[in-house]
Each structure stands twice: as structure tokens, then as C-alpha cells.
There are 2 protein chains.
Amino acid sequence: MKLQEAKTQFINSWGRLGSEWGINRTMAQIHALLLVSDKPLSTEDVMQELSVSRGNANMNLRELISWDLVQKELIPGDRKEYFVAEKDIWEVAKRIVRERKRKEIEPILRELKQLQDVDDKKSPEAKEFVKSVKNIHEFAGKMDKSIETMMKADENWFFGAIFKLLK
Amino acid sequence: MKLQEAKTQFINSWGRLGSEWGINRTMAQIHALLLVSDKPLSTEDVMQELSVSRGNANMNLRELISWDLVQKELIPGDRKEYFVAEKDIWEVAKRIVRERKRKEIEPILRELKQLQDVDDKKSPEAKEFVKSVKNIHEFAGKMDKSIETMMKADENWFFGAIFKLLK
DNA sequence: TTTTATTTTCAGTAATTATTGAAAGTTTAG
DNA sequence: CTAAACTTTCAATAATTACTGAAAATAAAA
């Protein structure tokens, strides 16, 4: 397979994976493009490579920066902004998880906590409801906590420990 | 908060969470409805509770069954089909992960493996590309493997071990 | 068998989400 | 300062995804 072809396929796959997981396809594609680019790219480069509009490129680049997956890079003597992606894949994973945890998991944990506060906790139906919600809340809380701890830990420590654990 | 209100809020939250993660909102809502229902529900019940059409209810119930999150339940002397959700939240998590792994993670792992097969592996650009893809592939493979192992393990074993590990 | 209850399918439509492109805003150079 | 280079915004539009509802299929009862 030719290199260009391979890059394109990688970009498409990453984009598809993203959209299956609720992440804007173009955002994922730009991320992929920068991940396999050996040099910083400008907005123009992104527009050209992915055939997207300036507005689209700009918005998704900003979003990637807000996720801390991409950084601006200034090239001396050039007025344009250039962009590079974080290449350490463990960092990438941590930052994606951190972002989604913050924006999507934590709010629902707060809601689940509140929901256990129903009137008439004595009625069998209410009891059942509270039990279900409590289970989910506790489970999610444990998961959240585990992820939190793993995120803070170092890669080698994590893999070393987890693989020993997992035989 | 009133019980009905709480149930509705739970259903809405679950639905929103689902759609943020690329799962059809109605499917997630039906799942939520069944999760907090103390008795089996018919298609009619689901249509009524969530104000959705018969077609929509039917399709999403089938999808939930294919994910193994919901089961049919027959009530003797009644021709209608009734549905119940798996209530053990650890089982629920395992089944969701299993399904998404199979449908979305494994295909991309295969692709990443192939992509390392580019022409002219000697060129610096190709070398860089292969290195990036290889990193991602290895990382994803490790994650996949870990999840696989956890999925097979028992809940108590998992939490016992992971919490000991995580201090 | 025919009738009736129930489930499934899917073309058409609606709702949601993403994208464009041009105007407004900002920054730097001269 | 003004002009040019570049970035951002956002209303209009396109693309995608989800939903409806009625017809067709299936299954049970009569």
C-alpha cells in the first residue's frame, strides 16, 4: 500500500471510530491527520488535506486544543498559526478520558445522587427505584474513582501493575 | 421529588448519556425505563411511557435484545410479548463493553495492523507513519486485552484486586 | 380454514447535527 | 494611522440520523 493511501485510510478509520463514539467526524479526522503528520500543519493545510471549509477546520482545531490534544505552534517569521498533535498515545487516551469524564460522567453522577431523594421512600415501588439507582450510582462511582486513580498514575506503573495483576 | 418525576428524569439522563456516546437516544431511554421498572413491560407500555411510535419501540427493543441487555418474557395466557432488562449493573456494563468492542474496536485493530504494511518502509516519512500507527495499535491491543480479561473475571475479584492495587 | 391479535418492515418525513462561506473581528507590518 | 494577513463567528444550508405509521408478515385462536 502506498503511504498516502495508508494515511488516508487511517484518517478515515479514526473519523469513523470517532463518530461511532459521539465525537464529530471532522474533529477526529483532523486529529488523525495531525497524529500522522511529521510537521506542524496550518489551517490551510487541514482544509486542503481533508477538503473542509475554513470555518469547519477552525472550529474543530479549537475544539481539539480545548481537549488538550492539539497545540498551536508558531513558526518564526510566519504569521499563520500551525498545529501539532500530542503524539504520546497514553497522553492522548488520558486526555480524551479526562474530557469525557468531566463533561459527561460527572454530571450524571451528580444527578443519580439526587434521584435517590424521592418522596415516600417507604412504598415498595420507591424502594425498588432507589435500589436500582443506588446500584448504578455506586458502580459508576467506583469506575470513576478507578479511572481517576489510573489517570494520575504513570504509564509504566499502570501497565506494569495491571499486567502483573491480569496474569 | 415525586417518584414519577424521578423516573422520568432518570430516563432522560440515561438517554442523553447514551446519545453523547453514540447510542440511539430512544434505545437508551427504553433501557432506562426497563431498568427502573419493577415489572415486565409490553411494546404498548413502552410506546405509552415514552411517547414513541410502534415501529420505533419495536426496533429499539430488538436492538436491546441483540445487545443482550433486555430479554423477552412471556406471560401465560397473554399473547403480547413483555420485556425485562438485566438488572445486575456489572452484567450491563460487561455486555455494553462486549458489544462495542466487537463492533467498533476489533475492526479498527485489524485495520491498524494492515496499515503498517506500507510500501517503501525505508523512507523517513513512511518510518514515522509506521511508528505512529504501531504505537496506537499496540496501545489499543493492550487495552483490548485488559478489558477482555476483566470481562471474564468476576466482579468481586475485579474490584477487590483493583482497589488493593490502587491503594 | 378464516379471523383476529400481534410483530415487523421500510419508504417517507422529521429532527438533529455538521458544514459552508462570507462578513466581522483581530493582529501584525509598514 | 491604514492595509493586508489571518482568524473567528454564525445564519443559512446540507448531510446524517432517527422516527412514524401504515402495510405486510407472522402467529395464535376460533
Side-chain angles (χ1 to χ4, degrees), chain A residues 11-34 40-67 70-84 100 103-104, chain B residues 11-34 40-67 70-84 100 103-104:
Chain A
I11 290 165
N12 288 339
S13 301
W14 207 246
R16 182 168 42 70
L17 187 67
S19 71
E20 283 166 346
W21 286 80
I23 285 162
N24 175 303
R25 204 182 86 243
T26 303
M27 174 170 153
Q29 287 181 331
I30 295 176
H31 186 220
L33 174 64
L34 291 171
L41 301 182
S42 66
T43 304
E44 302 277 347
D45 295 332
V46 170
M47 289 165 64
Q48 156 88 206
E49 290 287 328
L50 303 178
S51 313
V52 296
S53 71
R54 184 175 302 283
N56 197 7
N58 182 272
M59 284 193 301
N60 286 112
L61 280 165
R62 297 305 133 194
E63 188 68 7
L64 284 165
I65 289 172
S66 88
W67 284 48
V70 165
Q71 281 170 257
K72 266 192 219 183
E73 187 161 308
L74 296 178
I75 294 186
D78 195 334
R79 258 173 89 174
K80 277 208 279 295
E81 292 179 335
Y82 287 80
F83 303 92
V84 288
R100 302 206 75 166
K103 284 211 314 224
E104 294 148 16
Chain B
I11 290 165
N12 288 338
S13 300
W14 207 246
R16 182 168 40 72
L17 186 68
S19 72
E20 283 166 346
W21 287 79
I23 285 162
N24 174 303
R25 203 183 87 241
T26 303
M27 175 171 153
Q29 287 181 331
I30 295 176
H31 186 221
L33 174 65
L34 292 171
L41 301 182
S42 67
T43 303
E44 302 277 347
D45 295 332
V46 170
M47 289 166 62
Q48 156 87 205
E49 291 287 330
L50 303 178
S51 314
V52 296
S53 71
R54 184 174 302 285
N56 197 7
N58 182 272
M59 285 194 300
N60 286 112
L61 280 164
R62 297 306 134 192
E63 190 68 8
L64 284 164
I65 289 171
S66 87
W67 283 48
V70 164
Q71 279 169 258
K72 265 190 221 184
E73 187 160 307
L74 296 177
I75 294 185
D78 195 335
R79 260 172 87 174
K80 278 208 278 295
E81 291 179 335
Y82 288 79
F83 303 93
V84 288
R100 301 207 75 164
K103 285 212 311 226
E104 293 148 15

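Chain A is the first sequence line, chain B the second, and so forth, proteins listed ahead of strands; every chain is numbered from 1.
- One atom, CD of B:Q48, and another, P of D:dT20, lie 14 Å apart when rounded to the nearest Å.
- Picking from C:dT7, D:dT20, D:dT7 the nucleotide with the shortest atom distance to the side chain of B:E81 gives C:dT7.
- Taking atom CG of B:L61 as the reference point, atom C1' of D:dA18 lies 16 Å away to the nearest angstrom.
- The distance between atom NZ of A:K72 and atom C1' of D:dT8, rounded to the nearest whole Å, is 11 Å.
- A:H31 is not listed as a side-chain neighbour of A:W67, based on a closest heavy-atom distance of 4.5 Å or more.
- Picking from C:dT19, C:dT8, D:dC19 the nucleotide with the shortest atom distance to the side chain of A:R25 gives C:dT19.
- Distance check, rounded to the nearest 0.5 Å: CG of B:L41 to NZ of B:K80 gives 12.0 Å.
- Counting only heavy atoms from C-beta on, B:T26 has its side chain closest to D:dC19 among D:dC19, D:dT7, C:dA18.
- Nearer to the 5' terminus of DNA chain C, by closest-nucleotide assignment, is the contact made by B:T43 (compared with the other of A:A57 and B:T43).
- No side-chain heavy atom of A:T26 sits under 4.5 Å from any side-chain heavy atom of A:M59.
- Among the heavy atoms of the strands, none lies under 4.0 Å from A:S19.
- The distance from atom CG of A:N60 to atom C1' of D:dT7 is 15 Å, rounded to the nearest whole Å.
- Here the straight-line distance linking atom OG of B:S42 with atom CZ of B:R79 works out to 14.5 Å at 0.5 Å rounding.
- Among the atoms of the strands shown, base atoms are found under 4.0 Å from some heavy atom of B:R54.
- Rounding to the nearest 0.5 Å gives a distance of 5.0 Å between CD of A:Q29 and CZ of A:R25.
- Checking C:dT6, D:dT20, C:dT20 against every side-chain atom of A:S53, the shortest atom distance belongs to C:dT20.
- The residue among A:M59 and B:Y82 whose nearest nucleotide of DNA chain C is located toward the 5' end is B:Y82.
- Residues B:F83 and B:D45 form no side-chain contact, since every pair of their non-hydrogen atoms from C-beta on lies 4.5 Å or further apart.
- Within the nucleic acid shown, B:N58 comes within 4.0 Å of at least one base atom, counting heavy atoms only.
- Between A:R62 and B:I23, the residue anchored nearer the 5' end of DNA chain D, judged by the nucleotide with its closest heavy atom, is A:R62.
- Spacing between atom CG of B:D45 and atom C1' of C:dT6 amounts to 14 Å, rounded to whole angstrom units.
- What separates CG of A:L74 from C1' of D:dC6 is a distance of 13 Å, to the nearest Å.
- If you measure from atom CG of A:D78 to atom C1' of C:dT27, you get 14 Å, rounded to the nearest angstrom.
- If you take CD of A:E44 and P of D:dA5, they are 12 Å apart, rounded to a whole angstrom.
- When each of A:G55 and B:S51 is assigned the nucleotide of DNA chain D with its nearest heavy atom, A:G55 is the one assigned upstream, toward the 5' end.
- The base of C:dT27 sits with one of its N or O atoms less than 3.5 Å from a complementary donor or acceptor on the side chain of A:R79.
- Note on A:N56: a base of the nucleic acid sits closer than 4.0 angstrom, heavy atoms only.
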